[in-house]
Amino acid sequence: MCGIVGYIGTKQAYPILIKGLRRLEYRGYDSAGVAMIGQSGSLNVYKTKGKVDNLTDYCTDKDISGCIGIAHTRWATHGEPSARNAHPHYSQSHNLAIIHNGIIENYADIKSRLQEKGVTFASDTDTEVLVQLVEYIMSSKNLTLLEAVQTALYQVIGAYAIAILDKRDPHQIIAARKQSPLVVGIGEGEFFLGSDASPIIEYTDKVVYLEDGNIAVIRLGEELKVMSIHGEEQALQVKKVDIDLGQIEKGGYPHFMLKEIFEQPECLTNCMRGRINVEGNQVTLSAMIDHHQKLLKAKRIVIVACGTSWHAGLIGKQLIESLCRIPCEVEYASEFRYRNPVVTKDDVVIAISQSGETADTLAAIQLAKERGAFIYGICNAIGSSIPRATDTGTYIHVGPEIGVASTKAFTGQVTVLSMLALCLADKLGTITKEEYQLMVSELTRIPKKMERALQANEQIKHLAMIFTYAKNCLYLGRGYNYPVALEGALKLKEISYIHAEGYPAAEMKHGPIALIDSEMPVFVIATRDRLYEKVISNIQEVRARGGRVTALVTAGDELISQYADHVIELPDTLECFQPLIASIPLQLLAYHIAVCKGKDVDRPRNLAKSVTVE
Ligand code: F6R
């Protein structure tokens, strides 16, 4: 949610800031803005509603000089998307400018106190309250910017990543974080700031991830200083980021989403590299080596996650219960955190998150930790907040995911869950050696099978045209394929804005069947597995009511084509790994339908990639 960029050095800041905003636009894109201290010493703030292109058009005839600046791309929480509510926000005197990601929960209270003192406000945002508070403290108590920020942050309830400029001190940026990510890049005589490392990696691979409650004093010509809110200096933990630029560019594809769908075979190979041996018969996860006692003794596993990661969790539950015989529950993190759930020290809580920053998942981890559970993270973004809050975990290593609709992270999460379940089952002896080896070696064949599934792209592109005008769609699956149906429906909703529902195929007759008529496309995952015959019956129930069926079938299946209007063939695999293959045509289908409808696939309306507010 919201992207933050900053630069201080000897180069012109504007091009660096704009490039950074473009890299971070996936985090929010309802307005964008930039603040720079220009050559003349003025603090210039420019901001517009809409995407970064609108901002650059607006800035064509403006003074964009200056070697220090901050910039922001917004996902609105308080105040409608508009230029007025876009960041940066000036303080009343226009001496200060702030950008902010997060929510100041007690902003209304602070605002009315400041209004009583005569402060006037120019926007409806919670962010402006913070910069006005800092200015009020600076002038009324005669404090420096750093001291005023420290004092102000004491009074603030909520989450924030902020950066502030003061035109009277044109060699300094003050930044701070609490529950919203912030990274400082250290270059040669220059510093960068980002909500994540993507706007920074082009210039330096040396970064410092700020911890909660940290304030960074970034001064030109001096060493980076990081301190706590109380002013205690913190030891600098400089890390090396290992992302190459190609990973965050489109590489010839029209959209990040399509690139990320096609990358999946390679991503899964990377995910398994060093974890499955070359013979393809043994999985080793370092988390299992270091913490096997805790994991093997788990009386229960609780998976917490949101959205697509929650769907991966539903597959994880089936893997863990059927292979390891450990009871496993899957919870929406946002519900779990407020439900007073029963969690004990005998539980292992698995938190799944692509971004590693989802506020609800972080809060769920906190709650589970307080109750003594052992926390295992499955994340993609290296060094993000969730891996740092967990006891152990496994990165999915699928590379940066930029498309707002999650694709490769989903299959990466399912792959890690598969490896984890296999490791546990092997150690617990709940599957035989033969079963274990068969499954491990099949997992290594999945990338090749994904490549075959991707060959259906042209067929799916044509099919997509038929469904472009649908108002509603139904996705049906059973067993391991039920979460795939949920995920397929979510992908379509997110990027094409067509209403879609995923349902367990047999549940349909308990209600949703009433919706079925010739206008309703129904996508059924009907691969050859234990429930194959049952799913055929479900297809017939749909057909009998005039529904139009598109079936995802195992290659060579000739039976289902008798009942379905369209079939998409998938390579055969073990039932438990079918989601890794079956999700691909559904991702492609959502993508092509959205493209046919002319939607902005990588930046769907109202969404943001990283949900750092609750
Ligand atoms: C859907 C999607 C979201 C995320 C959800 C959780 O395509 O991307 O539903 O899965 O916001 O995000 P993470 O995995 O970053 O915690």
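The basis for the numbers below is simple: all heavy atoms, side chains too, and nothing from hydrogens, waters or symmetry mates. We count ligands from 1, going down the list as the structure has it; atoms in each ligand are counted the same way.
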Where ligand 1 meets [X] - atom numbers and elements under 4.0 angstrom, heavy-atom basis:
X      : value
Gly307 : 9 (O), 10 (O)
Glu494 : 1 (C), 2 (C), 7 (O)
Ser309 : 10 (O), 13 (P), 14 (O)
Ala405 : 7 (O)
Cys306 : 5 (C), 6 (C), 10 (O)
Ser353 : 13 (P), 14 (O), 15 (O), 16 (O)

Point to revise | Lys491 near ligand 1 by a heavy-atom separation under 4.0 Å | key: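 Under 4.0 Å: yes for Lys491.
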- Would Ile386 count as a contact of ligand 1 if the rule is a heavy atom under 4.0 Å away?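 In this structure, Ile386 fails to qualify as a contact of ligand 1 - no heavy atom is under 4.0 Å.
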| request: Using the six-membered ring wherever Trp is involved, compare the ring planes of Phe523 and Tyr475 and label them parallel, tilted or perpendicular (cut-offs 30° and 60°). | output: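 The arrangement is tilted - the two ring planes meet at 30° to 60°.
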Whether His87 and His72 hold their rings parallel, tilted or perpendicular, with breakpoints at 30° and 60°
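Parallel, since the angle between the ring planes stays under 30°.
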- Item | Asp53/Arg22 ion pair, N-O < 4.0 Å |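 Answer for the salt bridge query: yes.
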- Taking only Lys NZ, Arg NE, NH1 and NH2, and the carboxylate oxygens of Asp or Glu, determine whether Asp30 and Lys49 approach each other closer than 4.0 Å. no
Below a 4.0 angstrom heavy-atom separation, can you tell me which part of Val404, side chain or backbone, both or neither, approaches ligand 1?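 Just the backbone.
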message = Between Tyr253 (side chain only) and Phe262 (backbone N and O only), is there a donor and an acceptor less than 3.5 Å apart?
response = no
Residue set satisfying salt bridge (charged side-chain N to carboxylate O under 4.0 Å, His left out) with Arg603, at least two apart, ordered chain then number -> Glu25, Asp600
For Lys259, the salt bridge (charged side-chain N to carboxylate O under 4.0 Å, His left out) test, sequence neighbours excluded, returns Glu263
For atom 12 (O) of ligand 1, tell me which residue out of Thr358, Ile495, Thr407 has the closest non-hydrogen atom.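 Considering heavy atoms of Thr358, Ile495, Thr407, the nearest to atom 12 (O) of ligand 1 sits in Thr358.
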